[in-house]
Amino acid sequence: MLRRTWVWVAFVLVHAVVIWLGFTDDHAASWDVDQLYRWWAGLMLTGDALPGITEDWIYPPLAQLPIVLVGAFRSVVDYTLAWGLLVTLLDAAAFAVLVGRGSSRGRMIAAWFWLAAILALGGVGMFRLDGVTVPFAVAGSLWLVGRPWLGSVLLAVATWIKVWPAALLAAAVIAVRRRLAIVGGAAAVSAVVVVAVLIAGGGAHLLGFVGDQTSRGLQIEAPVSSVYLLLALAGVPGARIFYDPDLITFQITGPSVDTVIMLMTPVLMLGMLTIAAIGAVKAWRGASFVALFPPLAVALVLAFIVLNKVGSPQYMTWLIAPVVVGLAIDRRRWLPPAVVTVVILALTQWLFPFAYDWLLTLWPAAVWLLVVRNAMLVALFVWMVVRLARVPVRRAVRVSVSE
């Protein structure tokens with residue numbers, strides 16, 4: 001009882017600190033919420049535009065819901081503060097599912113990891129749509145075995161807010177024995193979303209977010225961009241950072257960059273399919289959910305990050321949910337990857353917002369800090385793929401050889 005009380009006290013303190021971080025340094029960490037989300041909410045509430053319905057949008061349709069919900073209270077509380085409170089409430093709901101009565105040591109360690117991760121990443125982890133999806137992903141993943149329909153529904157809702165939880169859904173389809181429940185829950189949510197968008201007249205823009213992502217260039221924080229950052233740091237002709245006003249982000253260019261951009265999406269898809277195939281073989285050979293789901297989920301999420309040409313700092317929040325599940329299931333085995341994850345998140349916060357201006361001017365220390373962070377991501381990715389390949393199975397595959 002006492003340790004459950006302490007973890008909830010820490011929950012309140014950590015969220016209060018992270019909300020405060022969102023208001024420091026001229027709202028650097030919460031800029032998207034303070035400016036873009038607030039603006040989108042105004043357009044939606046006045047009926048001037050419905051992004052994703054009346055025009056293409058960078059996010060799936062359900063991303064409208066938290067943006068509009070927070071905007072509905074704008075006359076009562078500041079939009080940015082209201083967003084922080086919404087994420088805190090969603091986190092509290094999922095945190096309660098995780099902690100329960102506080103009797104499981106693995107779940108308590110997972111809860112402390114989650115709080116450490118939130119604090120390590122800081123405001124950018126809360127003040128983005130990704131912050132809304134994490135509690136859905138945590139609760140959904142924890143319920144995949146006992147309540148697979150509900151778990152699948154939560155993961156599907158999160159996916160229609162921000163695409164990344166699709167990696168967890170894919171891992172669930174492979175690792176959970178009641179696959180029809182997983183597919184059924186996701187299909188039901190998807191059908192509701194598609195029908196609602198079609199009725200609203202937004203069929204032409206339903207999948208606009210997919211085309212937007214595939215047409216993007218190399219964002220400076222993406223792991224693949226580290227090579228070009230080092231080229232720019234070395235003064236190689238043509239290697240430079242530039243600002244894309246349409247996407248409101250900084251990208252990098254350099255020798256053969258168009259070829260790299262063209263290859264990254266196929267490489268990402270091939271990597272995801274290869275990892276899924278390894279997981280499918282393990283499941284076919286009898287690997288248990290407990291042994292298979294955590295490494296498969298983490299490997300798929302890391303593939304989404306490491307092989308992506310986009311690399312926004314908030315993407316690091318994606319690591320939280322599968323590592324939480326891993327710790328809840330097998331705390332000793334998952335403690336080392338959890339520690340590495342917290343370090344990666346802390347380096348990410350130091351890069352953004354604190355060292356970001358230095359990075360844009362190619363200050364060597366900032367560039368190398370990003371390179372080290374990305375190298376740690378790649379190392380963690382390789383570690384998880386190896387761990388996935390070593391997942392124990394319950395039966396051997398019999399091979400008959402005919403003369």
Side-chain angles (χ1 to χ4, degrees), residues 18 20-39 58-59 80 120-131 162 212-261 264 304-319 343-378:
V18 174
W20 171 75
L21 286 172
F23 285 84
T24 61
D25 198 18
D26 197 25
H27 291 79
S30 62
W31 189 92
D32 280 25
V33 168
D34 196 56
Q35 301 295 322
L36 284 178
Y37 294 12
R38 187 193 302 267
W39 175 59
I58 60 174
Y59 300 124
T80 304
L121 188 56
V124 73
M126 173 178 285
F127 293 99
R128 296 292 191 278
L129 279 166
D130 308 76
K162 197 75 185 286
D212 178 83
Q213 293 297 320
T214 56
S215 63
R216 298 181 70 162
L218 299 185
Q219 191 170 346
I220 61 172
E221 298 101 311
V224 68
S225 300
S226 293
V227 175
Y228 285 99
L229 279 172
L230 292 175
L231 291 177
L233 182 62
V236 173
R240 62 180 179 85
I241 295 173
F242 69 96
Y243 180 70
D244 187 326
D246 294 329
L247 296 173
I248 317 177
T249 189
F250 287 92
Q251 300 189 15
I252 193 161
T253 187
S256 304
V257 72
D258 290 335
T259 301
V260 174
I261 291 172
M264 285 310 296
F304 226 149
I305 296 172
V306 171
L307 304 179
N308 205 324
K309 59 186 175 181
V310 184
S312 299
Q314 65 268 21
Y315 286 13
M316 300 306 112
T317 62
W318 305 353
L319 293 170
V343 173
I344 289 172
L345 297 181
L347 291 177
T348 301
Q349 181 178 190
W350 183 249
L351 283 162
F352 185 88
F354 302 117
Y356 201 68
D357 288 342
W358 295 337
L359 179 63
L360 296 179
T361 59
L362 293 175
W363 190 49
V367 172
W368 281 107
L369 183 62
L370 177 56
V371 170
V372 169
R373 195 285 307 266
N374 286 342
M376 291 185 67
L377 278 170
V378 173

Non-hydrogen side-chain atoms of [X] and [Y] separated by less than 4.5 Å:
{"X": "Val227", "Y": "Val260", "value": "no"}
{"X": "Trp31", "Y": "Ile248", "value": "yes"}
{"X": "Leu218", "Y": "Gln251", "value": "no"}
{"X": "Leu231", "Y": "Ile252", "value": "no"}
{"X": "Val343", "Y": "Met376", "value": "yes"}
{"X": "Pro364", "Y": "Leu233", "value": "yes"}
{"X": "Leu21", "Y": "Gln349", "value": "yes"}
{"X": "Leu377", "Y": "Met316", "value": "yes"}

Using a 3.5 Å distance criterion without hydrogens, assess whether the side chain of [X] forms a donor-acceptor pair with backbone atoms of [Y].
{"X": "Tyr228", "Y": "Pro255", "value": "yes"}
{"X": "Arg373", "Y": "Leu369", "value": "no"}
{"X": "Thr348", "Y": "Pro313", "value": "no"}

Starting at [atom1] of [X], measure out to [atom2] of [Y] and round the result to the nearest 0.5 Å.
{"X": "Glu221", "Y": "Leu229", "atom1": "CD", "atom2": "CG", "answer": "9.0 Å"}
{"X": "Phe23", "Y": "Asp34", "atom1": "CZ", "atom2": "CG", "answer": "7.5 Å"}
{"X": "Ile58", "Y": "Leu36", "atom1": "CD1", "atom2": "CG", "answer": "7.5 Å"}
{"X": "Gln314", "Y": "Arg128", "atom1": "CD", "atom2": "CZ", "answer": "5.0 Å"}
{"X": "Lys162", "Y": "Thr317", "atom1": "NZ", "atom2": "OG1", "answer": "7.5 Å"}
{"X": "Asp357", "Y": "Phe352", "atom1": "CG", "atom2": "CZ", "answer": "9.5 Å"}

Q: In sequence, state the C-alpha distance, the side-chain angles, and the governing distance for Ile305 and Leu319, and then conclude on side chain to side chain contact (heavy atoms under 4.5 Å, CB included).
A: CA-CA 9 Å; Ile305 296 172; Leu319 293 170; 4.2 Å; yes
Q: Name the orientation class of the two ring planes belonging to Tyr315 and Trp318 (parallel below 30°, tilted from 30 to 60°, perpendicular beyond 60°).
A: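 Rings of Tyr315 and Trp318: parallel, under 30°.
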Locate the shortest heavy-atom distance separating [X] from [Y]; write the atom from each residue and the value.
{"X": "Ser312", "Y": "Gln219", "answer": "OG-NE2, 3.1 Å"}
{"X": "Tyr356", "Y": "Ile220", "answer": "OH-CD1, 3.5 Å"}
{"X": "Ala366", "Y": "Ala355", "answer": "CB-O, 4.1 Å"}
{"X": "Trp350", "Y": "Phe354", "answer": "O-CB, 3.4 Å"}
{"X": "Ile241", "Y": "Leu359", "answer": "CD1-O, 3.8 Å"}
{"X": "Asn374", "Y": "Ser226", "answer": "ND2-OG, 2.8 Å"}

Q: Might you work through the side chain to side chain contact (heavy atoms under 4.5 Å, CB included) test for Thr253 and Arg240, ending with a clear yes or no?
A: CA-CA 6 Å; Thr253 187; Arg240 62 180 179 85; 3.7 Å; yes
Q.
Going by the rule ring pair (Phe, Tyr, Trp, His ring centres under 6.0 Å), which residues pair with Tyr243 if we only count those two or more places apart in sequence or in a different chain?
A.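 Tyr243: ring pair (Phe, Tyr, Trp, His ring centres under 6.0 Å) contacts with Phe250.
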Q: Output, in order, the C-alpha distance, side-chain angles, deciding distance and verdict of side chain to side chain contact (heavy atoms under 4.5 Å, CB included) for Arg216 and Asp244.
A: CA-CA 10 Å; Arg216 298 181 70 162; Asp244 187 326; over 6 Å; no
**Q.** Full working for side chain to side chain contact (heavy atoms under 4.5 Å, CB included) between Leu307 and Val224
**A.** CA-CA 7 Å; Leu307 304 179; Val224 68; over 6 Å; no
